[in-house]
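Below: the structure, in structure tokens.
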Amino acid sequence: MKWDEFAGWGHKVADWAQEYHQTIADRPVRAQTEPGDILNALPASPPEGPESMEDIFRDFEQIVMPGMTHWQHPRFFAYFPTNATPPSVLAEYLVATLTAQCMLWQTSPAATEMETRVLDWLRQATGLPEDFSGVIQDSASGATLAAILTMRERALDWHGNTQGLAGQTPVRVYASREVHTSIDRAIWIAGIGEENLIRIPTNGPQRAMDIASLRKAIQADREAGLKPAGIVACVGGTGVGATDDIAAVAQVAQQEGLYLHVDAAWAGNAMICPEFRPMWAGTESADSIVFNPYKWIGGQFDGSVHFVRSPEDLTRTLAISPEYLRTHGKDGIINYSEWSVPLGRRFRALKLWFLIRAYGLDGLRKRIRDHVRWSQQLHDKIATTPGFEIVTPPMWSLWSFRYLREGFDPDDLNLRLVNAINDDGRIYLTQTRVDGDLVIRFQAGQFDTTEKDVMMAWDVITEIARGLE
Ligand code: PLP
């Protein structure tokens, strides 16, 4: 294919994309294919010669599309959302067209300087103080890894990278069991070891870390000659939205001289609405925070917003500047690749810039407020429906429930229910475990969802539940 055919195909793809979004509600939300269906439909060997775009596009529609789960479907109530919006899709098209590798200021000054500006917009939008600097990481996992490496290095007087961890006093990190598994993986990759990730029990409806237990664990480690390094707190944990008392955790971190990282991958988005900020009060005292704009406000997968109080600590942990990556003769520049584990970086700020300008913060706030309100309406309806019990209360737009029936094992019944719902295809839900019990999660957050879509979940859930044998 040559560039002079590009515009024609570009129009075709744009028409397809528009129609896809306008008719998406007619499709089953979750892919209805069986394992291997798509693999077996794809030729086992690559073509030796070129194939036409007509053939490639036909196969995309016929082979690929049936195997897609529709994350942009208005009745996608599983996991957390991954929203795309028309302006952010267009920005990504431009980014792909430019395909700039934005690792250094000089490899695209616009990308670096826009990242600085847009992240400061988001800092202001979420009510964080001016002394936070932002960077876009590839993922929340990447941001958390950077945070854990920084807390490790700070605790080891910046000797971990040079000397390795063998022979060092074990570094200890504290978190509840409600944090995402990206924290475990960061601990593994950082060489700290799962045994040194100390799980603090939780209590209360928010399933927040018990502060007395946190203090006790740190004290016990100091007495045992170990090296407390940091705390990872969560705001809106993945399972059921667990949220630590950040102000209390931050106080412990400050008194103990520990690094505090706040994982707010999903719920951080809600902080563009001032009324939700009391839920993360104290975050202004953290050392770093991460949230994923794609998880709610439509900044489109991928990319995570990572705010740090001390970029110097982060770059002291991660920066390496061989001669071939140096920029000479320019002052006051930022090379964001020194703030993250991967060297290469996409121009991710562009989609955020398009998005925020196209909707304005008020347009984004309205969506979050609607989702939270509609989700709570559905919660109230399920709560008063015989046979159903609410297991965890609404945390923003996320809550969980179980269906109970005399003579049926609850875990088996609820697993069968969630599978039957997803096979039906009108809505999409996922399960989790709460205190060992299998429960069904509900969250609303897809950008185009409506009150009607959310309330339709009640019809589908109750109809399918009653039909289970
Ligand atoms: N933290 C939380 C609370 C999450 O829910 C998730 C993913 O859903 C992550 C971290 C990991 O996000 P990412 O896929 O951006 O690494």
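Residue indices begin at 1 and follow the sequence shown. Atoms within a ligand are numbered from 1 in the order they appear, just like the ligands themselves. Basis for what follows: all heavy atoms, side chains included, without hydrogens, waters or symmetry-related copies. All values reported here derive from a predicted model rather than from experimental measurement.
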Q | Short side-chain donor-acceptor distance under 3.5 Å, Y79 and T238 | A | no

(Q) Do S400 and T392 pair up side chain to side chain, a donor and an acceptor below 3.5 Å, judged on atom types alone? (A) yes

Q: Note the single closest protein heavy atom to atom 16 (O) of ligand 1, along with its residue, its atom name and the distance in Å.
A: S141 OG, 2.5 Å

Q. Between D302 and ligand 1, which part of the residue brings a heavy atom under 4.0 Å of the ligand: side chain, backbone, both or neither?
A. neither

Q: List the steps, then state whether side-chain contact (heavy atoms from CB on, under 4.5 Å) holds for L417 with L415.
A: CA-CA 5 Å; L417 175 58; L415 190 57; over 6 Å; no

Q: Start with the C-alpha gap between Y428 and F77, add the side-chain angles, then the distance that decides, and say whether side-chain contact (heavy atoms from CB on, under 4.5 Å) holds.
A: CA-CA 5 Å; Y428 185 23; F77 304 127; over 6 Å; no

(Q) Taking CZ in R373 as the centre, count heavy atoms belonging to other residues, nucleotides or ligands within less than 6.0 Å. Is the count above 12? (A) yes

(Q) Can you confirm, on distance only, whether ligand 1 has an N/O atom lying under 3.5 Å from any N/O atom belonging to G237? (A) no

Q.
Which heavy atom of W339 sits nearest to which heavy atom of P311, and what is that distance?
A. CH2-CB, 3.5 Å

Q. Which residue owns the protein heavy atom closest to atom 15 (O) of ligand 1, what's the atom, and how far is it?
A. A140 N, 2.8 Å

**Q.** atom 11 (C) of ligand 1: the protein heavy-atom neighbour that sits closest, reported with distance to 0.1 Å
**A.** H180 CE1, 3.4 Å

Q | Nearest protein heavy atom with distance in Å, relative to atom 3 (C) of ligand 1 | A | T238 OG1, 3.3 Å

Q | Proximity of F447 and F76 rings by center, below 6.0 Å | A | no

**Q.** Y294 touching ligand 1 at heavy-atom level, < 4.0 angstrom
**A.** yes

(Q) Need the ligand 1 atom indices (1-based, order shown) with element for anything under 4.0 Å from a heavy-atom of S139. (A) 13 (P), 15 (O), 16 (O)

Q.
What I want to check is whether the side chains of E113 and W105 have a donor and an acceptor closer together than 3.5 Å.
A. yes

Q: Please identify which atoms of ligand 1 are closer than 4.0 Å to at least one heavy atom of A265.
A: 1 (N), 2 (C), 3 (C), 4 (C), 10 (C)

Q) Using a heavy-atom cut-off of under 4.0 Å, does the side chain or the backbone of F80 touch ligand 1, or both, or neither? A) side chain

Q: Would you check the N or O atoms of S182, main chain and side chain alike, for any that come under 3.5 Å of an N or O of ligand 1?
A: no

Q) If only atom types and distance count, is the side chain of R30 paired as donor or acceptor with the main-chain N or O of D424 below 3.5 Å? A) no

Q.
Among all protein heavy atoms in this structure, tell me which lies nearest to atom 7 (C) of ligand 1, with the distance rounded to 0.1 Å.
A. K295 NZ, 3.1 Å

**Q.** Protein contact of atom 1 (N) of ligand 1 - nearest heavy atom, named by residue and atom, plus distance
**A.** D263 OD2, 2.7 Å

(Q) Are any of the N/O atoms on W266, whether in the backbone or the side chain, positioned under 3.5 angstrom from an N/O atom of ligand 1? (A) no

